[in-house]
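Written below as structure tokens is the structure these notes are about.
Not measured: the values here are computed from a predicted model. Numbered from 1 within each chain, the chains take letters A, B, ... in sequence-line order.
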Amino acid sequence: MLNHSLEQRLRAAVAAILPQADLSTVQVRPAADTKFGDYQSNALMALAKQQRLNPRQLATQVVEKLDVSDLCEPVEIAGPGFLNFRVRPAALAARLAEAARGEHLFFRPAERPRTLVIDFSSPNVAKPMHVGHIRSTGIGDCLQRVLQLLGHRVISDNHLGDWGTQFGKLLVGWKGQLDRTALASDPIGEMERLYRVVNAACEADPAVLEQARQELVRLQAGDAENLAIWKEMLRLSQDQFDTLYRRLGVSFDHTLGESFYNPQLGAVVADLLARGIARESEGAVGVFSERTLPPKEDPFLVNRDGEWIDDPALVRKSDGGFNYMTTDLATIEHRIRTWSPDEILYVVDDRQAPHFRKLFLTFARWQPEAAGRVGLRHIGFGKIMGDDGRPFRTRSGDTIRLAALLDEAEERALAVVREKRPELPESEQAAIARVVGLGAVKYQDLLPNRQSDYVFSWDKMLALTGNTAPYLQYQFTRAHKVARDGGAYDITALDRVVPEDPAELALTRHLLNFGLTLEAVGEECRPNYLCNYLYELAVLYSRFYENCPVLKSEGDRRVLRLALCDLAARVLRQGLNALGIETTEVM
RNA sequence: GCACCGGUAGCUCAAUUGGAUAGAGCUUCUGACUUCGGAUCAGAAGGUUGCAGGUUCAAGUCCUGCCCGGUGCACCA
């Protein structure tokens, strides 16, 4: 919104003074403190330093070339060279009027839309989805929604773990110990049981391990019986995934699991060998360090007892099988060929950071031209902890199934709804509890900086005050109700009235920053920026609502306030939606 | 041992990546209300940003060295 207009003009002014300057660093951002105005730019200080100029003098020269008088009060130069912009209420009101007319909702589509592939969720076949999948699924879905909203072309791809060593064990179990009745009632539970039983047997008896290996080899060689069983396991798992994704409101454009790339793996390794990028070692094939990087920064080296030794990326095991490095290389190649993305985002646990460093470097060595056209980014995240400071598990130490977790969230939310809204019919209570419960889980997960671990807490996520989904959802219902009770309003009045009350002004200013928040989320892949923006919006709306009577006010003032309620509600709903969180009109 | 990610108020977390006096929530204390939906709002208290140096107009953020916690270190993904 306004920051873009100011930025453009500032860049023009800078270019007039310093024609050779890098204008991309010239940015206008919301002011750190409202006493400095609405927006500020710190860019001239950095620029002056770079060019060895006096920062205040440069600022003075630039400001002389800068005409923003239609939008702002005269630009102030403060401290060592900050530029402070104080937007005129009429300019704020004009943006409100545009939004009220439906011309925008305080954001605009990107000027240069990009194509992005987002790789997220990626659960394993034959295993239950558990808490560990919340983060990848929630963050990935949020990024998908935000980037789409900004007009980018987004391709979401669920890279299922559907082809790996675990299937050898599963096949042994399926053939020897399958309980058909159990499979019918709880297919995932039964497959999980089979895996556990055989896995334990493998540890106790090398013969069973060998048996599993042979089943895997047969499967990978295309044995009809094993393939049929594998497909059955896949189908049963996909049913589970579909149910959970529908419940979470998450969708994918593609579900190309690891098995999809199986036919290419041999060629990938052959090509790497032919080009001299990979070589044989101890019977396996791996990509080794080129020794061009300092050892500390080289992911293909590891220090053992003071000595730097090779830590290659293996692309073929000594038994001839491939591993996920190979699959991931083939996957990048396929994605580039198919979609020509500007970027591929991997929303995957931070523990895999070393893998991705190796993967990206290996791909760059393998296909330098293609690698030059695509940005490969690992969007890592931390763990979910219990309140005991250890990874979040059940009391008995088992992983918590995602379905059970969502059930509990809805149950706990329902208890609150029953207490607060006993007069509502049961079906309505349940509907509210579903939206609030799921929202609470998702919001708690998106709120912390994604790189840090966070502590899972039912009480905190479902609290009705503080920075939680229920609080935001509640503020939405209040704003929405007032806007609805106010009825239709005369939009043309917004051309005659400007925000004056401090609460009106603060809310208006904040609404205008929705777009830059979405952009920041999209660029840095940090949903928490949006969470914090929405929380602040809710707080500012509450303050406005306490201080400024809406329905009891009159004339143009009433229209302005109604519009603020309406727009606050719309931004809250749109913003929550971008987080993958629903709203409800009654709570 | 080496690398990566963390360490910020009593607790849980922010800080738009080098900007102005480090912000929220919870907790505690105080206040507003027969309400435009109180599942509300306002105020107060709370800090040597793990420690020690360094870089500069400016450091929670960058550099160096330590201390704590977590994670990862070929043939699982």
Considering every strand and a 4.0 Å limit on heavy-atom distances, what is the contact class for Glu282(A): base, sugar-phosphate, or nothing? base
Which part of the nucleic acid, if any, lies within contact of Cys531(A), taking any heavy atom under 4.0 Å across all strands shown: a base, the sugar-phosphate backbone alone, or nothing? nothing
Using a heavy-atom cut-off of under 4.0 Å over every strand shown, decide if Arg357(A) touches base, sugar-phosphate, or nothing. nothing
If you compare every side-chain N and O of Arg478(A) against the phosphate oxygens of U40(B) (OP1, OP2), does one of them come in below 4.0 Å? no
What's the gap between G65(B) and U28(B) when it is taken at their P atoms, as a whole Å value? 45 Å
Pick out which of Trp230(A), Tyr324(A), Phe322(A) makes a ring pair (Phe, Tyr, Trp, His ring centres under 6.0 Å) with Trp163(A). Trp230(A)
Rounded distance (Å) that lies between atom C1' of A74(B) and atom CG of Leu301(A): 13 Å
Students often get this wrong, so: under 4.0 angstrom with heavy atoms, is Asp310(A) touching a base, only sugar-phosphate, or nothing? nothing
Please determine if a side-chain N or O atom of Ser542(A) lies less than 4.0 Å away from the OP1 or OP2 oxygen of U40(B). no
Could you check whether any side-chain heavy atom of Tyr454(A) comes within less than 4.5 Å of a side-chain heavy atom of Lys383(A), counting everything from C-beta outward? no
Taking C-beta and beyond as the side chain, do Asn323(A) and Thr326(A) meet within less than 4.5 Å on heavy atoms? yes
With a cut-off of less than 4.0 Å, is there a side-chain N or O of Asn42(A) near OP1 or OP2 of A20(B)? no
Between His133(A) and Phe120(A), is the ring centroid distance below 6.0 Å? no
I want to verify a distance call: between G19(B), U71(B), C13(B), whose nearest atom is closest to the Pro448(A) side chain? C13(B)
Mind checking whether Phe544(A) and Tyr541(A) have parallel, tilted or perpendicular rings, split at 30° and 60°? tilted
Which is true for Asp319(A) with a 4.0 Å heavy-atom rule: it touches a base, it touches only sugar-phosphate, or it touches nothing? nothing
Tell me if the aromatic rings of Tyr529(A) and Tyr533(A) count as close, with their centers under 6.0 Å from one another. no
P atoms of U12(B) and A45(B), separation to the nearest Å: 23 Å
Is the distance from OP1 or OP2 of A74(B) to the nearest side-chain N or O of Arg304(A) less than 4.0 Å? yes
Which part of the nucleic acid, if any, lies within contact of Val302(A), taking any heavy atom under 4.0 Å across all strands shown: a base, the sugar-phosphate backbone alone, or nothing? base
Heavy-atom side-chain proximity of Leu83(A) to Val28(A) below 4.5 angstrom: no
For Ala31(A), which contact category applies under a 4.0 Å heavy-atom criterion: base, sugar-phosphate, or nothing? nothing
Which value, in whole Å, describes the distance between the C1' atoms of nucleotides U16(B) and C51(B)? 29 Å
For a quick check under 3.5 Å, do Arg526(A) and Asn449(A) share a side-chain donor-acceptor pair by atom type? yes
Is it true that the side chains of Glu282(A) and Ser318(A) contain a donor and an acceptor less than 3.5 Å apart? no
Identify all stems in which RNA chain B takes part, counting only runs of at least 3 consecutive pairs (Watson-Crick or G-U wobble, each distance under 3.5 Å), and give each as one range with another, ordered by first number. B:1-7 with B:67-73, B:10-13 with B:23-26, B:28-32 with B:40-44, B:50-54 with B:62-66
Below 4.0 Å: OP1/OP2 of A15(B) and any side-chain N or O of Asn528(A): yes
At under 4.0 Å between heavy atoms, what does Ala353(A) touch on the DNA or RNA strands: base, sugar-phosphate, or nothing? nothing
Under 5.5 Å and under 30°: Phe36(A) stacked on A20(B): yes
Counting just side-chain N and O atoms, does Gln40(A) come under 4.0 Å of either OP1 or OP2 of G19(B)? no
Work out how far the P atom of A9(B) is from that of A14(B), and round it to whole angstrom. 13 Å
Donor-acceptor pair under 3.5 Å: do we get one between Ser318(A)'s side chain and the base of C75(B)? yes
What nucleic acid atoms does Glu536(A) come within less than 4.0 Å of, heavy atoms only: base, sugar-phosphate, or nothing? nothing
When we call it a touch if two heavy atoms are under 4.0 Å apart, what does Ser281(A) touch: a base, just sugar-phosphate, or nothing? base
Look at all strands and tell whether Asn449(A) reaches a base, only sugar-phosphate, or nothing, counting heavy atoms closer than 4.0 Å. sugar-phosphate
Quick one: label Pro312(A) by what it contacts on the DNA or RNA (base, sugar-phosphate, nothing), any heavy atom closer than 4.0 Å. base
Compute whether any side-chain donor of one residue and acceptor of the other, for Gln352(A) and Asp350(A), lie under 3.5 angstrom apart. no
Taking A15(B) as the reference, what is the distance to G72(B) when you measure between their P atoms (whole Å, please)? 25 Å
So Glu519(A), base contact, sugar-phosphate only, or nothing? Heavy-atom distance under 4.0 Å. nothing
P atom, G23(B) versus G69(B): distance in rounded Å? 31 Å
Base of A20(B), side chain of Asn84(A) - is there a donor-acceptor contact under 3.5 Å? yes
No-H, no-angle donor-acceptor pair, Thr327(A) side chain to A77(B) base, under 3.5 Å: no
Answer with base, sugar-phosphate or nothing: what part of the nucleic acid does Ser452(A) contact at a heavy-atom distance below 4.0 Å? sugar-phosphate
Per nearest nucleotide of RNA chain B, the residue lying toward the 5' end, Ala78(A) or Asp311(A), is Ala78(A)
Classify the ring geometry of Phe514(A) against Phe107(A): parallel below 30°, tilted from 30° to 60°, perpendicular beyond 60°. perpendicular
Is there a side-chain contact between Tyr471(A) and the phosphate of C41(B), meaning an N or O under 4.0 Å from OP1 or OP2? yes
Would you state whether a donor and an acceptor, one from the side chain of Tyr474(A) and one from the base of A39(B), lie under 3.5 Å apart? no
So which protein N/O to nucleotides 55-64 of chain B N/O distances come out below 3.5 Å?
from, atom 1, to, atom 2, distance (Å)
U56(B), O3', Lys49(A), NZ, 3.3

side-chain N/O Lys460(A) vs U12(B) OP1/OP2, d < 4.0 Å: no
Pair Gln475(A), His480(A): side-chain N/O donor-acceptor within cut-off below 3.5 Å: no
